[in-house]
Student: 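After the structure tokens below, expect a handful of questions from me.
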Amino acid sequence: MYKTDISVKIKSLEMKNPVMPASGAYDYFEDNANVFPMNTLGAIMLKSIHRRERFGNPPPRIAEITAGMMNSVGIPSVGIDKFLAENQPEKYAVLDVPVIISISGNSPEDYVEICQMLEGNPYLAAIEMNLSCPNVGTGLQLSSDEVLLGRTVQACRYMSSFPLIVKLSPNVTHLKKMAQIAEECGADALTIANTYMGLKIDIKKRKPWLGNTTGGVSGPAIKPLTLYHVFQAYRAVTIPIIGCGGIMGWEDAIEYFMAGASAVQVGAGNFVNPMLMKEVIDGIDNYLDQNGFHSLKDIVGIANQKGSSAECGCNL
Amino acid sequence: MYKTDISVKIKSLEMKNPVMPASGAYDYFEDNANVFPMNTLGAIMLKSIHRRERFGNPPPRIAEITAGMMNSVGIPSVGIDKFLAENQPEKYAVLDVPVIISISGNSPEDYVEICQMLEGNPYLAAIEMNLSCPNVGTGLQLSSDEVLLGRTVQACRYMSSFPLIVKLSPNVTHLKKMAQIAEECGADALTIANTYMGLKIDIKKRKPWLGNTTGGVSGPAIKPLTLYHVFQAYRAVTIPIIGCGGIMGWEDAIEYFMAGASAVQVGAGNFVNPMLMKEVIDGIDNYLDQNGFHSLKDIVGIANQKGSSAECGCNL
Amino acid sequence: MNYSTVSVISNEPVVKNYGRIKLDASEIAATAKPGQFIMLKYWKGNVPYFMRPFSINSADRNAGTIEVLYKVVGVGTDLLRDLEAGAEVKILAPLGNWFEIKKHYKRAAVVGRGVGAAPMRYLAEELKRQGIDTYVYISASSPEYLFDQAYFEKAGCTFKQLTDDTKKVTSLFEEDLKSNKFDVAFTCGSNRLIRDLGRLMDIHDFEAYASMEEHMACGIGACKGCVITVYDEGKSEYVRVCREGPVFPIKRLVGDNV
Amino acid sequence: MNYSTVSVISNEPVVKNYGRIKLDASEIAATAKPGQFIMLKYWKGNVPYFMRPFSINSADRNAGTIEVLYKVVGVGTDLLRDLEAGAEVKILAPLGNWFEIKKHYKRAAVVGRGVGAAPMRYLAEELKRQGIDTYVYISASSPEYLFDQAYFEKAGCTFKQLTDDTKKVTSLFEEDLKSNKFDVAFTCGSNRLIRDLGRLMDIHDFEAYASMEEHMACGIGACKGCVITVYDEGKSEYVRVCREGPVFPIKRLVGDNV
Ligand SMILES: Cc1cc2nc3c(=O)[nH]c(=O)nc-3n(C[C@H](O)[C@H](O)[C@H](O)COP(=O)(O)OP(=O)(O)OC[C@H]3O[C@@H](n4cnc5c(N)ncnc54)[C@H](O)[C@@H]3O)c2cc1C
Ligand SMILES: Cc1cc2nc3c(=O)[nH]c(=O)nc-3n(C[C@H](O)[C@H](O)[C@H](O)COP(=O)(O)OP(=O)(O)OC[C@H]3O[C@@H](n4cnc5c(N)ncnc54)[C@H](O)[C@@H]3O)c2cc1C
Ligand SMILES: Cc1cc2nc3c(=O)[nH]c(=O)nc-3n(C[C@H](O)[C@H](O)[C@H](O)COP(=O)(O)O)c2cc1C
Ligand SMILES: Cc1cc2nc3c(=O)[nH]c(=O)nc-3n(C[C@H](O)[C@H](O)[C@H](O)COP(=O)(O)O)c2cc1C
Ligand code: FES
Ligand code: FES
């Protein structure tokens, strides 16, 4: 099928290639299946399912920025109970692609409860814990607090036998530390990262553009920032990293691999080019083949030799 | 001179307009004077002067990214002793514009020593403490550690009678908190913010593009992120905020004012358009005039009504 | 729905900052229904970022072409104006739901204003093709902005115009409602028109639908970005303009707010 | 140095992905010296971000024009190729230091390769204008890449070429050094040429200068981004290509590393 070995394994999660959608970017099978050939993906990633029903934030929910976008969608969700009652995971069974469910909640307990409800579900291959985006309740990003992060991951670890992928927020002083805590507490992989907090003001209306005032920034504008986080985290943990931020072509994916990622997620790029994930998959395979690599693993972290001086904070 | 009142006052620092260069972007009088009409500026901001001599980082020091740039220049500096021995501040006296010196060091003591040496200097109007970019010694950004930040600002406050502007790093979990600490410890204003940690990989060479591996990201790509920080800090402090990040036109400056900034700095934008600061000054004045505002103060924070819900971390 | 590359056949200015572009897109022409829209990308690189949504102004199955009527309002539409014949364009289409033309319709009203009326030409042509007595009411700030007048007339519609901004285009329709029974009225996302039709539909007992616009990222329901608020029996909910819409029953749009 | 808007007089392909653009820029033509460079911005918006640096290939004071010889290597130069006569271009110029032509020079060598030799035409023309016996040595991978041959010959230079990649262009110069005394040699930032001239200048006692390239943000010394390492009496230091350069004595470039 491919010219090189681009498969990725995260515990029992086996992917034929390292490319999947970012949560919330290309999720519902029924909506997108007739545009994108979903069975070419390494994995299917669902939009975060919240513990309870949520309607999401008031419009406008999206804004264009220079080389990217902001969103304040706010995880509209039927809630995990209804999601399972409707047998949603089953719908993906027709595709021969592992399905990762992204889960979301307001408290550590919410995550644990969802893990409990998912345990043994035959249609799911892994769980991504979206700890980078609460927006409700305390308004705190679970992955930006060391104690909460550790507690939440650990509790889910006890509860779940699925591979656990922890999705981190980039809005922290030391993402490296958060990565280490997640690993120590039982994460099987990390997704780095979610969106960056951002603001756009409509100067004609003299108020914030988004209905929810602020939003999350994604797209090529933030690629160098997330790439930095992946690079730093790679030095700090031994579990695989899934790079996510601003991928608009296979070259971006290669940068992530060289920085230390084992797989990648494509978010906003899907909106701009609905065939992007396919192009990325093919591009990775071709790049490896043309540069004499037999396996994707040969380039993971290749630009991240411990010798290089990247320990410091800032270089100006 | 102007159609509206666009003057800004930060303690004894009086600026005829709210626009100045960001440190390191348009500094040395002798280099740029014959391109840009320096006397049109609200203030002149020098490139950070380090406590001791520094040669800066190895090349390449700059990289282009989508809608912005990265730099790892590394504050090459003659050091404060030589800087003063050469009577550098005096050179700006021919211009009728207040001069702000940006200072840099490896430790709180470095900053205090510089403040001591600057005390009473008749050619300077204010001090900007660049606490967001150490790159040497501990490799820690002073403004990303609550204790160090507080201690450094406080010590300089005791030592200096100049207006003290504290320049913060955006690479923190809670910039708001850092802003509060700076204010409590005696800062007269805040510059928000310095560059974002970033990485670019040269996939042909399979290594980081910059000579110093990582670098600081600036330019329009990061504008929504810094605007968010200004917006949040405005709710947390009472001292004036100087917005800095990605300004490429007067509309961007207006966004910063509406978010809560009282003045702005232009960094990388100067490289792309050497006349930018003049265009921004004129644009602000015209905007205010055409929209029926008499004073810049009328729009500061206008999009930042406490009612709006921006307290939470993330909105997805 | 399909993502493909098509080429520009022609791109002509209409008046001032308006233009009409014709694309060689036989598959879309063959399947698109009135009221559906397309997403276009026709520039290199990531600025602007999103594809741009446009209504289908007309679709010619025989020629295999579709047309878009556009107004230059910003960077994306400015780039659209620059496109020359032969240029290649990425297109995601056809998208969204459409103006449903029900079997029992005998007389229909099509109400619009300015470029907002862009999807109305295709709709009116289709209504006539299905033998429905079609009245078109268009307003504009001055006569040169009555873009599709010739097409409406050619299709055999009763065309009524208004270029006097002191009056409302719905008043023309209201006049006709006195002597004619209308089964349905269609309009485009102007709040004023929607409110007016919402009021009239209760009095005169006709169905009413409007096509809405919102900023879009994906155009296919994935991002949940393009929602508006609609009402159902007192309760409000968010619906995606690109997926549940762009066409909505006016009843759901106005709720109790007529 | 000045920042202004000038217009394109002509922009012609030279061969394959090379082109030559002529700008209407009388002030720059009047003041620019051989070896200086310009920064150009000729696209809308922020992508690409930096202005692009180019050498002055020739400056015609009478006509008030300057020319740039360019190679298309990426997004910025691709956009340069697209420029049409009449287009407006933002220009910051003239920048940097220059090839100093000292009073005592009697015979000069100009050594270059490919598009790297772009600034050499203006230099050679100026050397001849000042009555200096000028030998030009240019290599290229094949004859069509000897872009400025006609200009060098027209200016009255002794022109020697090499399109055989098994030999080095400096070997032609070395040959001439046996029978001629050269006061100075000028070249452009190819490491191989610099190393060769560094070796020859010690043996044959001539001054040698090279023009360097680095990625640039500001072009005027403000950002400190474009540094290279140079050597002075064993010590190394960083210098800005845009400000202390782009022309450096080869002695400072090679240090003890010949
Ligand atoms: C379903 C749908 C169908 C459409 N059909 C047509 C059409 O047939 N002809 C036509 O000319 N335009 C149509 N539009 C609007 C068109 O998409 C926008 O005008 C265009 O995207 C603006 O791009 P820009 O880069 O030129 O403007 P920008 O620079 O992005 O914005 C300029 C101004 O236009 C506003 N704007 C931009 N996009 C939208 C939008 N989607 N909805 C509301 N306001 C917007 C912005 O808020 C801003 O004030 C349609 C939009 C939708 C959602
Ligand atoms: C002082 C100076 C004078 C120059 N004179 C000329 C000239 O007369 N004619 C000409 O064709 N080019 C010249 N160049 C090089 C020219 O500036 C670059 O080729 C151009 O900026 C590339 O832009 P791009 O967007 O097409 O390429 P990009 O997409 O930015 O890059 C394409 C490739 O070119 C490399 N590159 C880009 N810029 C530079 C640079 N400044 N130095 C070294 N490598 C670079 C990149 O690393 C990359 O590998 C000069 C450069 C300098 C600094
Ligand atoms: C419209 C939109 C919706 C998103 N929804 C979710 C979500 O439900 N859960 C989640 O973990 N991340 C969500 N994200 C974040 C993305 O998964 C991804 O982390 C981020 O967009 C960065 O990747 P990108 O730059 O490729 O878009 C969303 C992003 C966007 C743009
Ligand atoms: C080349 C370069 C050099 C810089 N040097 C300094 C410096 O010496 N001191 C400092 O406080 N900030 C420095 N900065 C950061 C800028 O002052 C500014 O905070 C940052 O670039 C964000 O603004 P911008 O997006 O307008 O560039 C530098 C930035 C650049 C691009
Ligand atoms: S535009 Fe993405 S859901 Fe409608
Ligand atoms: S390019 Fe800025 S110092 Fe040379």
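Residue numbering restarts at 1 for every chain, and letters A, B, ... go by the order of the sequence lines.
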Student: Between A:V172 and chain B, with a heavy-atom cut-off of 4.5 Å, which part of the residue counts as in contact: side chain, backbone, both or neither?
Tutor: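 For A:V172, backbone and side chain are both near chain B.
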Student: Before you tell me yes or no, could you show the steps for B:F231 and A:T213 under side-chain contact (heavy atoms from CB on, under 4.5 Å), namely the whole-Å CA-CA distance, both residues' side-chain angles and the distance that decides it to 0.1 Å?
Tutor: CA-CA 10 Å; B:F231 188 84; A:T213 306; 3.6 Å; yes
Student: Is there side-chain contact between A:I203 and B:E255, with at least one heavy-atom pair below 4.5 Å?
Tutor: yes
Student: With rounding to the nearest 0.5 angstrom, report the NE2 to CE distance, B:H229 to A:M197.
Tutor: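 If we round to the nearest 0.5 Å, B:H229:NE2 and A:M197:CE are 9.5 Å apart.
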Student: Roughly how far, to the nearest 0.5 Å, is the NE2 atom of B:H174 from the OG1 atom of A:T173?
Tutor: 8.0 Å
Student: Can you confirm whether A:R206 sits close enough to B:N291 that some side-chain heavy atom of one is under 4.5 Å from a side-chain heavy atom of the other?
Tutor: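 Side-chain contact under 4.5 Å: yes.
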Student: Minimum heavy-atom separation for B:K207 and A:A303, please, with both atom names.
Tutor: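 Heavy atoms only, the tightest pair is CA-CB, 3.7 Å.
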Student: Rounded to the nearest 0.5 Å, how far does CG of B:N304 lie from CD1 of A:I201?
Tutor: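 Going from the CD1 atom of A:I201 to the CG atom of B:N304 covers 7.0 Å.
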Student: Between A:Y287 and chain B, which part of the residue has a heavy atom less than 4.5 Å away: side chain, backbone, both or neither?
Tutor: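 It is the side chain, since no backbone atom gets that close.
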Student: What part of B:F257 gets within 4.5 angstrom of chain A, counting heavy atoms only: side chain, backbone, both, or neither?
Tutor: neither
Student: How long is the straight-line distance from CG of A:L199 back to OG1 of B:T226, given to the nearest 0.5 Å?
Tutor: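 Output value for this atom pair is 11.0 Å.
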Student: Ignoring hydrogens, what is the shortest heavy-atom contact between B:L225 and A:L225? Give both atom names and the distance.
Tutor: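 Closest approach of B:L225 to A:L225: CD2-CD2, 3.6 Å.
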Student: So for A:M258, is it side chain, backbone, both, or neither that comes closer than 4.5 Å to the heavy atoms of chain B?
Tutor: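 When you check distances to chain B, atoms from both the backbone and side chain of A:M258 fall under 4.5 Å.
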Student: Ignoring hydrogens and geometry, is there a side-chain-to-backbone donor-acceptor pair from A:T66 to B:A221 under 3.5 Å?
Tutor: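 No, A:T66 side chain to B:A221 backbone: no donor-acceptor pair under 3.5 Å.
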Student: Between A:I65 and chain B, with a heavy-atom cut-off of 4.5 Å, which part of the residue counts as in contact: side chain, backbone, both or neither?
Tutor: side chain
